[in-house]
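Taking it in order: structure first as structure tokens, then the write-up.
A, B, ... follow the sequence lines: proteins, then strands. Residue 1 opens every chain.
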Amino acid sequence: MTPRGLLRQLPLQAILAITALIWVFPFIWMVSSSFKTNREFLSAGLDLIPQQLRTENYVRAWEVANFSQYFQNSVIVTITTVTIVVVISALTGYALARVEFPGKRPLIVVYAATLFIPKGYTIIPVYQLIRELGLLNTLPGLILAEAGAAPVLFALLFMAHFSGIPQELDEAAELDGASFGQTFVHVMLPLAKPMIATTIVLQFMWTWNSFFTPLVLTLNNPDLRTLTVGMYAFVGEYNTDWTGLTAAALISIVPVLVLFLALQRFFIAGLTGSVKS
Amino acid sequence: MTSHATGAPATARRRDARNRGRRRWAYAFVLPQLVLVAAFTLYPIVMTHVYSLYEWPGFGPLDRFVGLRNFARLIGDELFWNAFQKSFVFMAGTVALQLPLALFIAILLNSERLYGRNVYRTLFFIPVVTTSAVIGIVMRSIFASHDGLVNNGLLLLGLIDRPIRWLSQGDTAMLALVLVASWKWLGIKMIMWLAGLQSLPVELYDAAKVDGANYWQTFRHITVPLLVPVGVVVLLFSMVDALTAFDLIFTMTEGGPGFATEFMELYIYRYAFTSFAGGLPQLGYASAAGVFFGITVFLISLALSLLARRVSRLRR
């Protein structure tokens, strides 16, 4: 970067810097508010620097407002759902990429068609089904509904990925006496690491952020609330505790944010991949 | 392999056995997902249509078949059309705001020599990954009429002389939702536009430069026409996103004030899961609304996908 080059970029940089600042400003404001007292919060106007770094808002959200429980529920639901989705999508993708079997075409067509169906529209029967399975107001019920609603897009992306790997590799493994399942686990899965990472980050984001399904499925059991539902309940219960609210909001957002910043490349790859298909 | 091939028939037999084995493996591999998709995607689609033909509170026997009467009631309900219309106003607002702004930012970020380009891209993308339901609740505070961040900022800049009661008036509540939704999901559209811009052939731009075209001419006659297919895809995503933005709207305005921001999904939720109107939940009626809305979204997606395919074929 030559000094002249940088100078020429100055107007462009100014526009971008201001717009980007507006874009992240709500988050800066949240962090700042979460360290203030409620009185300070109301009188501060636009002053972003808290008088001192207080952690009491976090303590209050974590202990009093039960966010430790909500956090734990979110972690359990998200990790289990993501694991299930990765496994079933990879299995389907591999079978579709490698084997010709009767019913394969219709399966792909049906899966592709489901991509067009808006979510939310199917929540009523999902609720009924979970209830009939006796899993209403349980974490397994929620996990099942989340994993079941996961986009089959991942399976189709896995299929494309596996199709791009030379078939000679499987054949060599089979000549060495490996079964179909062993070949998949020991030879193909290690080659699908980028696809697995993409599935993990996207599905993590969806499940962690999911609100409607956990809201409907845990309506009668506050102990099973995930962070999103807990946030919603928080406003109803402590509606004047603004700083406690921003602390609770940050507790809910930070994990998915950290994951995004760490694995950004797979995020973008996954999104561009889903656009293309 | 332990045995040696002894002749053509034996080889063929072995190949058949191998294929049979592989097919069995394949069925075992697709089964887990097939069960889940069948139970939680296909079955619900079928059942929503079935429920829509019954009067049913969500429990007890499904025995009060009413034919298309739920749909007739839907069409006669003013609040249904209100929700339908509000959904589309919101959609039009977010699409009109996001698409050009995202394209503008993508163009600024497209230059490879731009200093800090990846940092900017990350910053614009951050709202996308954060939780809608949480953002909706935080935005209530940010748009609060008394000492909210937005009002304080506008007052400080001298753009308004008294606080706006954002979320307690219909029009401003809608505007606030459009602004927040556009802010939140612009990042995705930016990434899509960027992918489109990066796929444009460099040779055309070199040729335009040789011909003495200025920046605006190049943009107008090369970039825009070549970006149309990408644009249709971005449009499709934006529209479907906007029509299914339940979490944000539910947590930020809960459909209010009054029914000013009650979109389709909130209308459905209200009938399906609350005892609104002083009675039992009305799952049959809510399903009818779901079917109507689902079909609308499906038709829009389908029309735009066909359009996208048509456009990209014409280009070739």
Atom pair [atom1]/[atom2] of [X] and [Y] - distance to nearest 0.5 Å:
X	Y	atom1	atom2	result
B:I107	A:L12	CD1	CG	11.5 Å
B:Q33	A:I84	CD	CD1	11.5 Å
A:I88	B:L36	CD1	CG	5.0 Å
B:I135	A:T228	CD1	OG1	12.5 Å
A:T114	B:F40	OG1	CZ	15.0 Å
B:I137	A:S252	CD1	OG	8.5 Å

[X] versus [Y]: any side-chain heavy-atom pair under 4.5 Å?
X	Y	answer
B:S132	A:F211	no
A:W208	B:T131	yes
A:Y232	B:V134	no
B:L108	A:I15	yes
B:R23	A:E100	no
B:V128	A:F260	no
A:L91	B:W25	no
B:V30	A:Y111	no

Any side-chain to backbone donor/acceptor pair from [X] onto [Y]? Under 3.5 Å, distance only.
X	Y	value
A:R98	B:A26	no
B:D247	A:S210	no
A:Q13	B:Y115	yes

Heavy-atom pair with the smallest gap, counting every atom of [X] and [Y]:
X	Y	answer
B:W183	A:P26	CZ2-CG, 3.8 Å
A:P102	B:Y27	O-OH, 2.8 Å
A:A249	B:V138	CB-CG2, 3.6 Å
A:W23	B:S182	CZ2-O, 4.4 Å

Ring geometry between A:Y94 and B:F29 (parallel below 30°, tilted from 30 to 60°, perpendicular above 60°)
tilted

What part of [X] gets within 4.5 angstrom of chain B, counting heavy atoms only: side chain, backbone, both, or neither?
X	answer
A:L215	side chain
A:A90	neither
A:V216	side chain
A:L144	both
A:T19	both
A:L261	side chain
A:V254	neither

Selection from [options] maximising heavy-atom pairs under 4.5 Å formed with chain A:
options	result
B:I126, B:V230, B:V129	B:V129
B:L283, B:T251, B:T122	B:T122
B:L243, B:T130, B:L42, B:V234	B:T130
B:M264, B:E254, B:R121	B:E254

Go through the atoms of [X] and report whether side chain, backbone, both or neither lie under 4.5 Å from a heavy atom of chain A.
X	value
B:A289	neither
B:L31	neither
B:A272	side chain
B:L109	side chain
B:L101	side chain
B:L186	side chain

Pair B:F250 and A:F212, ring centroids less than 6.0 Å apart
no

Would you sort out whether B:F124 and A:L16 count as a side chain to side chain contact (heavy atoms under 4.5 Å, CB included), showing the intermediate values?
CA-CA 10 Å; B:F124 284 115; A:L16 280 170; 4.2 Å; yes

Distance only, no hydrogens: is a donor on one side chain within 3.5 Å (strictly under) of an acceptor on the other, for B:Y43 and A:Q128?
no

Mind ranking A:F101, A:Y127, A:F27, A:F180 by heavy-atom pairs under 4.5 Å with chain B and telling me who comes out on top?
A:F180

